[in-house]
Each structure stands twice: as C-alpha cells, then as structure tokens.
Amino acid sequence: MSGPLLSVEDLHVTFRTEEGDVRAVDGVSFTLERGEVLAIVGESGSGKSATVMTLMGLTRSANAGFKGWARLDTGDGELDLVSATDEALRRVRGSRVAMIFQDPMTSLNPVYRVGDQIVEQIRAHERVSEAEAMDRVIQLLDRVGIPRARERVRAFPHEFSGGMRQRAMIAMALSCQPDVLIADEPTTALDVTIQAQILERIRELRESADAGVILVTHDLGVVAEIADRVAVMYAGQIIEQGTLDEIFYDPQHPYTWGLLGSIARVDRPRPGRLPAIGGMPPSLHDLRVGCRFRTRCPHEFAKCAESPPLEARAGGAGDHLDRCWLPPAEKAERREVGGQIGLGRKEPV
C-alpha cells in the first residue's frame with residue numbers, strides 16, 4: 001500500500017455545554033498502518049475515547065463541533081470519517097472499521113440473543129442467508145474461545161460472564177473482517193488470564209487479516225504486551241508519540257515519566273506509598289496558554305508559559321515526538337527518580 005490505512009490530521013472535537021465549550025480533542029494527528037497496533041494511553045478524561053468514537057461517528061450530536069480529517073483507505077479510494085454522511089459511515093462501520101466497546105454488558109442489547117445480534121451485523125453488510133450467517137457466528141464464537149458455541153449462540157447477554165461477553169464483542173468486531181479494529185479498554189475489570197486470552201485474539205486478527213488496531217487503554221502492562229507504537233494523551237492533546245521502546249525506555253515528556261513511574265514494580269522493594277502524579281488535570285472548559293501539564297510538573301520553567309508544538313526534539317528521532325521545552329540532555333537527567341524513570345513531587349508555590 002502506498003499510504004497509511006488511516007490518517008488522522010489535526011482533529012478537533014468540541015462539545016457545547018452550559019458551562020462553556022469543552023475541547024475534548026484538540027489538534028490530534030496520527031497514522032495507522034496495516035498490521036500495526038497503535039496504543040493511545042492517558043488518564044481518564046484525556047480525550048482517548050472521544051477521539052476513537054469520533055472516528056466511528058458516535059460523538060455526532062447537535063452540541064458537537066468537529067474540525068480536521070480522518071482519512072480511511074477503503075481500497076476504492078479514501079473516505080473522510082469526520083465529514084462523511086451518516087449513510088457513508090453506516091456502510092463502513094462494522095465492515096471496514098469495527099469497535100470493541102469498554103463495557104460489553106451495555107454494548108449488547110439485553111433482550112436479544114447474542115448470536116442474533118452478530119447475525120444482524122453480518123447481514124447488514126453482506127448478502128448471505130440467516131443460516132449461513134449463523135454458521136459463521138458459531139465459528140467466530142468458537143474461535144474466540146467460547147465453549148459449546150453452538151449452544152451458547154442462543155444465550156442472552158446476562159447468561160454470559162464478563163469475559164465471555166467481551167469475547168462475544170470481539171467475535172462481532174471480527175465478523176466482517178474489518179481493516180481497522182478499535183479496542184476501547186477491552187481488558188477493563190477482567191482477570192489477568194482472560195486479559196491474556198483477549199489480547200491473543202486481537203493479535204490473531206492483526207496477523208491473519210493484516211488489520212490495523214487502535215488500542216485505547218490506561219494499562220501500560222497491556223501496552224507493553226501488544227503495541228508497536230504509543231501515543232500519550234493529556235488534556236485533549238497528544239503530548240508524546242513514538243515506538244514502544246522509545247516511550248518505555250527513552251520517554252521525553254514529564255507526564256510520560258509520571259505514568260511509567262506510577263507502575264508498581266515486582267522487582268523492587270515495596271514502597272511505603274505508591275508513586276502518583278500530583279494535582280489534577282486542567283479543566284477542558286478553560287485551557288490556559290502554554291504547556292497543559294505545567295501546573296503539575298516539578299520541572300516547570302519560564303518557557304512553559306508558551307505552548308510547545310508536537311515535534312521531534314531528541315537527536316535522530318524523527319518519529320519520536322513530544323511537547324516539552326526541556327532540552328533532551330536535561331530530560332535524561334531529570335527523569336531518574338530513585339534509580340528509575342519517574343516524575344518526582346512538585347513543591348507547592
């Protein structure tokens with residue numbers, strides 16, 4: 001392929017509320033290649049889910065405003081997912097772009113059988129009989145590890161465990177062999193054994209169908225297991241972006257240092273208190289000019305009053321981008337806290 005599978009450029013998503021405009025997504029840009037897993041990480045409220053749900057057309061409402069582009073390579077040309085009509089989105093949603101939602105219990109209709117819901121999606125995009133679609137659903141449920149799939153296909157969502165409901169959502173997402181799979185917190189509230197199985201199913205899709213995967217999560221352990229590239233979001237912006245090794249072993253933004261430093265380590269003595277990033281994220285109603293992380297950053301200095309662009313700052317790292325004014329040499333020095341990457345504490349002014 002000559003270009004990326006998905007190219008998001010300068011995406012802005014704003015919601016009008018009684019308290020003012022909320023800039024949920026503010027100038028986000030990234031690309032997704034075939035066979036690649038891109039992880040989008042950050043705290044709750046950083047704009048991760050708003051970004052990917054906009055790609056699916058699920059944030060459209062009377063009080064929402066959009067700018068920018070999200071160009072999808074459909075094989076027959078490009079489709080801008082931001083400006084596409086509802087009818088054009090319905091044609092690609094589920095077939096070209098599919099999504100595994102964060103809460104499978106509320107994503108599945110509780111009054112319809114699981115198999116019937118997946119059959120409905122297949123028949124919405126392909127001309128097959130109901131019997132043919134049901135046979136495919138049974139194969140899909142078996143493929144994602146649901147036991148006795150031929151019997152379970154007639155079950156209702158409440159008859160499935162949390163892990164089985166999540167697997168059913170994966171089966172639905174895989175049903176039309178999408179080019180892009182968006183997984184929004186697919187392992188939340190699941191035990192580590194089920195998490196590993198779900199990640200394995202996602203890995204199989206990438207390898208068998210050469211699909212691109214966007215993984216939205218706050219779990220850096222999951223990111224380390226499956227991602228190729230990582231985009232770190234904070235207050236509606238991508239504040240650092242690079243390969244998995246660059247983000248984990250050579251992070252350039254203090255917020256990324258704080259995320260990595262907050263992970264409990266089994267190979268070190270247990271601390272008396274778990275590390276945490278102090279303070280609170282800024283209000284998306286009233287975003288100040290300058291670095292959005294500076295009110296929580298112990299390394300703030302005068303230059304931070306200016307808004308830093310997302311660009312390559314570390315020498316020779318053309319694809320490793322960040323929004324921090326600190327020189328790379330100082331970053332390498334300051335990110336070491338107690339012998340490992342961390343943020344440290346900001347002294348009150």
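The structure displayed is predicted, hence computed values, not measured ones. Worth knowing before you read on, the calculation uses all heavy atoms, side chains too, and leaves out hydrogens, waters and symmetry mates. FYI, the numbering just counts along the sequence from 1.
In this structure, a donor-acceptor pair under 3.5 Å is present between the side chains of D184 and S49. Side chains of S175 and Q121: a donor-acceptor N/O pair is present below 3.5 angstrom, by distance only. Side-chain polar atoms of E240 and H320 form a donor-acceptor pair below 3.5 angstrom. If you check the side chains of D80 and S83, you find a donor sitting under 3.5 Å from an acceptor. A donor-acceptor contact under 3.5 angstrom links the side chains of S61 and N63, judged on distance only. Defined by atom type and a distance below 3.5 Å, a donor-acceptor pair is present between the side-chain atoms of S129 and E132. For the residue pair T31 and S7, no side-chain donor N or O sits within less than 3.5 Å of a side-chain acceptor on the partner.
Within the 4.5 Å cutoff, side-chain heavy atoms of D322 are placed close to those of K331. When side chains are defined from C-beta on, Q117 counts as touching L108, because their heavy atoms get closer than 4.5 Å. Annotation: side chain of D21 is not in contact with side chain of H285 (no heavy-atom distance under 4.5 Å). At a threshold of 4.5 Å between non-hydrogen side-chain atoms, the residues K67 and V82 do not count as touching. Side-chain contact between I100 and Q166 is present, with at least one heavy-atom pair separated by less than 4.5 Å.
Within a 6.0 Å radius of CZ in R288, no more than 12 heavy atoms belonging to other residues, nucleotides or ligands are found. Other residues, nucleotides and ligands contribute over 12 non-hydrogen atoms within 6.0 Å of the CD atom of E87. Counting heavy atoms of neighbouring residues, nucleotides and ligands inside a 6.0 Å radius, atom OH of Y112 does not exceed 12 of them. Around atom CD of E120, no more than 12 heavy atoms belonging to other residues, nucleotides or ligands sit under 6.0 Å away. Atom CZ of R150 is surrounded by 12 or fewer heavy atoms from other residues, nucleotides or ligands within 6.0 Å. Annotation: E159, atom CD; neighbour count of heavy atoms from other residues, nucleotides and ligands within 6.0 Å is above 12.
Using cut-offs of 30° and 60° on the angle between ring planes, the pair Y255 and Y234 is tilted.
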Q.
What verdict does the salt bridge (Lys or Arg N to Asp or Glu O under 4.0 Å) test give for E225 and R203, after you've listed the backbone C-alpha separation in whole Å, the side-chain angles of each residue and the deciding distance to 0.1 Å?
A. CA-CA 10 Å; E225 177 72 21; R203 189 180 290 108; 3.4 Å; yes
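With respect to the salt-bridge test (charged N to carboxylate O, under 4.0 angstrom), the residues D250 and R335 qualify. The existence of a salt bridge linking R206 and D228 is confirmed by a sub-4.0 Å separation between a basic side-chain nitrogen and an acidic carboxylate oxygen. Using a cutoff of 4.0 Å between basic side-chain nitrogens and carboxylate oxygens, R292 and D26 are scored as salt-bridged. Salt bridge present: E36 and R229 bring a charged side-chain N and a carboxylate O closer than 4.0 Å. With respect to R154 and D116, a salt bridge is recorded, a charged nitrogen being found less than 4.0 Å from a carboxylate O.
When all heavy atoms of D73 and R34 are compared, the closest pair comes out as O-NH2, 4.4 Å. Between V25 and A50, the closest heavy-atom pair is CG2-CB, 3.8 Å. Residue V41 comes nearest to K48 through the heavy atom pair C-CD, 3.5 Å, listed as atom of the first residue, atom of the second, then distance. Closest non-hydrogen pair, S307 versus V289, comes out as OG-CG1, 3.8 Å. Residue L55 comes nearest to A70 through the heavy atom pair CD2-CB, 3.5 Å, listed as atom of the first residue, atom of the second, then distance. V128 and R136 make their closest contact through CG1-NH2, 4.4 Å (heavy atoms, listed as atom of the first residue, atom of the second, distance).
A cation-pi contact links R313 to W325, judged by a cut-off of 6.0 Å to the six-membered ring centre and 45° from its axis.
No continuous path of ILVMFWY side-chain contacts below 4.5 Å connects V232 to V28, so the two sit in separate hydrophobic clusters. In terms of hydrophobic clustering, with Ile, Leu, Val, Met, Phe, Trp and Tyr side chains grouped at heavy-atom distances under 4.5 Å, V337 and I341 are assigned to different clusters. Clustering ILVMFWY residues whenever any of their side-chain heavy atoms sit less than 4.5 angstrom apart, transitively, puts L89 in the very cluster that holds F101. I170 and L38 fall within the same hydrophobic cluster, where Ile, Leu, Val, Met, Phe, Trp and Tyr residues are linked whenever their side-chain heavy atoms come under 4.5 Å apart, directly or through other members.
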